[in-house]
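Some notes on the structure that comes next.
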Amino acid sequence: DAMVIQNPRYQVTQFGKPVTLSCSQTLNHNVMYWYQQKSSQAPKLLFHYYDKDFNNEADTPDNFQSRRPNTSFCFLDIRSPGLGDAAMYLCATSTSLRDRPYEQYFGPGTRLTVT
Amino acid sequence: ELKVEQNPLFLSMQEGKNYTIYCNYSTTSDRLYWYRQDPGKSLESLFVLLSNGAVKQEGRLMASLDTKARLSTLHITAAVHDLSATYFCGTGTASKLTFGTGTRLQVTL
């Protein structure tokens, strides 16, 4: 089945220790997104790639970086995690379809704990 | 800046009764999405609404869109426990989506 995969599902890191979260997709979608979701809140878009074009949200901290080496993979790097970065990180993909344009398909998420 | 608001934020539903969630957005948009999220899980797409007057139905859920009023509704018919979850609406332009605040539904017997 075509899908969006995130690894790891759970990540524990220490304060200030860099961490990388990964996302892969078999949907061949050209758009990939990273969201941060904290408890009882809506997902917050950090950035997205439209093909190879990187689109950063204005309020995304510099501490968050992303890489998309090819269509299938996208990475979220947190350079120096703080306690406030503990959250669920959601990867999503989309593409332009006539009847369901840019409908986003979400991966299962990575829950990040910062100690 | 696009703002998307949902109300209510929390809805306690009695099994078998009907309810409506409202989603208002602040700027013109040509599409509206509804997603469901179970506790500790990711988001699942429910509906994609693309035009004024669009109505989509799946089981006990029906979504509609009024682009002139910048309003979408999600109507629940005869609520059942399986519908307990958080529901998000979202809208935007091109490939970018802004989510609403979310509505947590809890169905009680």
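Within every chain, numbering begins at 1; the chains are lettered A, B, ... in the order of the sequence lines, protein sequences first and strands thereafter. Computed from a predicted model, the values in this text were never measured in an experiment.
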What are the two closest heavy atoms between A:Ile5 and A:Asn7, and how far apart are they? CG2-ND2, 3.7 Å
B:Leu50, part contacting chain A, at a heavy-atom distance under 4.5 Å: side chain
Where does A:Pro108 contact chain B at under 4.5 Å (heavy atoms): side chain, backbone, both or neither? backbone
Could you note down all residue pairs passing side chain to side chain donor-acceptor pair (under 3.5 Å) where residues 45-68 of chain B supplies at least one of them, sequence neighbours left out? A:Glu103-B:Ser45, B:Asn52-B:Thr67, B:Ser64-B:Thr73
Top residue by heavy-atom pair count (under 4.5 Å) with chain B, among A:Tyr35, A:Phe106, A:Tyr50, A:Tyr33? A:Phe106
Quick one: does A:Gln6's side chain have a donor or acceptor within less than 3.5 Å of a partner on A:Ser24's backbone? no
Would you please go through residues 80-92 of chain B and name the residues with a non-hydrogen atom below 4.5 Å from one of chain A, in numerical order? B:Phe88
Select one option (side chain, backbone, both, neither) describing which atoms of A:Arg98 are under 4.5 Å from chain B's heavy atoms. backbone
Decide, yes or no, whether a salt bridge links B:Asp38 with B:Arg36 under the criterion of side-chain N to carboxylate O below 4.0 Å. yes
Over 12 non-hydrogen atoms of neighbours within 6.0 angstrom of NZ in A:Lys38: yes
Could you list who else is in A:Phe75's hydrophobic cluster, with ILVMFWY side chains joined at under 4.5 Å, directly or through other members? A:Phe73
Counting only heavy atoms closer than 4.5 Å, note whether A:Gln41 contacts chain B via side chain, backbone, both or neither. backbone
What about A:Phe54 and A:Phe47, are their ring centers closer than 6.0 Å? yes
Checking heavy atoms, do the side chain of A:Asp99, its backbone, both or neither come under 4.5 Å from chain B? backbone
Applying a heavy-atom distance below 4.5 Å, give me the residues of residues 15-29 of chain B that approach chain A, sorted by number. none
